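No experiment lies behind these values; they were computed from the predicted model shown.
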Amino acid sequence: MKASTRAITQCALLTCAALVLSLLEGFIPAAMVPVPGIKLGLANIAVLVALYLLGARYAWAVLICKCVLASVFGGGITSLAFSLTGGVLALGAMVLLKRLDGEIISIYGLSISGAALHSIGQILAACVMLKTASVIYYLPALLISCVFTGAVTGAVAALVLASFRRKIK
């Protein structure tokens with residue numbers, strides 16, 4: 001299937017948005033977060049919008065480009081490993097769950113599920129990199145936070161999609 005110029009342009013803009021949101025999130029002081037290591041996952045807003053607006057193929061492009069570019073602009077190879085492991089698990093699940101969209105799971109549920117699987121992916125990456133399974137004990141705190149962070153990113157993505165759809169009509 002040939003990609004349209006409009007879709008490629010929207011994908012590029014969503015990739016830029018994901019990168020900017022990812023980098024901005026790095027400036028949130030650690031003291032503002034109740035549990036160390038928890039992030040809002042703001043870049044997931046752009047990935048969710050790409051998934052709903054453009055489809056899975058473009059969402060994968062946004063995710064992979066964001067992960068690679070964020071690691072180049074300040075994360076390094078360790079950041080890339082954590083980001084890709086969590087992101088691939090999260091988006092893979094969201095793509096599968098989206099097939100149930102509207103019937104069983106909404107964009108909010110999709111976002112919360114993605115946040116949870118992203119955390120699981122990062123814990124798995126930490127287990128491999130640290131060569132210990134002891135970091136698994138941190139998972140419950142992360143999963144509890146995923147309900148809040150996933151709901152927030154899902155709500156913002158829903159607002160962005162509504163705005164896009166109004167402008168397209």
Engineer: Quick one: OG1 on Thr85 to CG on Leu80, what's the gap to the nearest 0.5 Å?
Structural biologist: 8.5 Å
Engineer: Closest approach of Ile136 and Cys127, non-hydrogen atoms and distance?
Structural biologist: CG1-SG, 3.8 Å
Engineer: Which atom names give the shortest non-hydrogen contact between Ile105 and Ser113, and what distance separates them?
Structural biologist: CD1-OG, 3.9 Å
Engineer: Indicate, with yes or no, if Ile107 and Leu53 share a hydrophobic cluster defined by side-chain heavy-atom contacts under 4.5 Å among Ile, Leu, Val, Met, Phe, Trp and Tyr.
Structural biologist: yes
Engineer: Should Leu54 and Phe164 be counted in the same cluster of Ile, Leu, Val, Met, Phe, Trp and Tyr side chains packed under 4.5 Å apart?
Structural biologist: yes
Engineer: With clusters defined by side-chain heavy atoms of hydrophobic residues (ILVMFWY) lying less than 4.5 Å apart, directly or transitively, does Ile77 cluster with Leu84?
Structural biologist: yes
Engineer: Applying side-chain contact (heavy atoms from CB on, under 4.5 Å), run through Val47 and Lys66 and close with a yes or a no.
Structural biologist: CA-CA 9 Å; Val47 175; Lys66 186 277 301 180; 5.7 Å; no
Engineer: Using 0.5 Å steps for rounding, measure from the NZ atom of Lys39 to the CG atom of Asn44.
Structural biologist: 13.5 Å
Engineer: So, for Leu48 and Met94, which heavy atoms are closest and what is the spacing to 0.1 Å?
Structural biologist: CD2-SD, 3.9 Å
Engineer: On a heavy-atom basis, which atom in Ser83 and which in His118 lie closest, and how many Å separate them?
Structural biologist: O-NE2, 3.8 Å
Engineer: Carefully, step by step, assess Ile120 and Leu143 under the rule side-chain contact (heavy atoms from CB on, under 4.5 Å).
Structural biologist: CA-CA 8 Å; Ile120 290 169; Leu143 292 176; 4.2 Å; yes
Engineer: Would you give me the side-chain donor-acceptor pairs under 3.5 Å for residues 146-158, sequence neighbours excluded?
Structural biologist:
from, atom 1, to, atom 2, distance (Å)
Thr149, OG1, Ser145, O, 3.1
Thr153, OG1, Ser111, OG, 2.7
Thr153, OG1, Thr149, O, 3.2
Thr153, OG1, Gly150, O, 3.2

Engineer: Would you confirm whether Glu25, through its side chain, and Gly41, through its main-chain N or O, come within 3.5 Å as a donor-acceptor pair?
Structural biologist: yes
Engineer: Are Val49 and Tyr108 joined in one hydrophobic group, where the rule is that I, L, V, M, F, W and Y side chains link up if heavy atoms are under 4.5 Å apart?
Structural biologist: yes
Engineer: Could you identify which residues cluster with Leu69, counting Ile, Leu, Val, Met, Phe, Trp and Tyr as linked when any side-chain heavy atoms lie under 4.5 Å apart, either directly or through a chain of such contacts?
Structural biologist: Leu19, Leu23, Phe73
Engineer: According to a hydrophobic-cluster definition based on side-chain heavy atoms being under 4.5 Å apart (Ile, Leu, Val, Met, Phe, Trp, Tyr only), do Leu42 and Leu91 belong together?
Structural biologist: yes
Engineer: Apply side-chain contact (heavy atoms from CB on, under 4.5 Å) to the pair Thr9 and Leu13, showing each step before the final yes or no.
Structural biologist: CA-CA 6 Å; Thr9 303; Leu13 289 171; 4.3 Å; yes
Engineer: Nearest 0.5 Å, please: how far is CD1 in Ile123 from CG in Leu130?
Structural biologist: 9.5 Å
Engineer: Measuring only between side-chain heavy atoms, which start at C-beta, is Lys98 closer than 4.5 Å to Tyr52?
Structural biologist: yes
Engineer: Where is the tightest heavy-atom contact between Met129 and Ala81, given as atom of each residue plus distance?
Structural biologist: CE-CB, 4.0 Å
Engineer: For side-chain contact (heavy atoms from CB on, under 4.5 Å), just list the numbers for Trp60 and Val88, CA-CA rounded to whole Å, side-chain angles, deciding distance to a tenth of an Å, and then say yes or no.
Structural biologist: CA-CA 8 Å; Trp60 282 109; Val88 165; 4.2 Å; yes
Engineer: Tell me the closest heavy-atom pair linking Thr15 and Cys65, and the distance in Å.
Structural biologist: CG2-CB, 3.5 Å
Engineer: Please name all residues satisfying side-chain hydrogen bond (donor to acceptor under 3.5 Å, both in side chains) with Ser4, sequence neighbours left out, ordered by chain then number.
Structural biologist: none
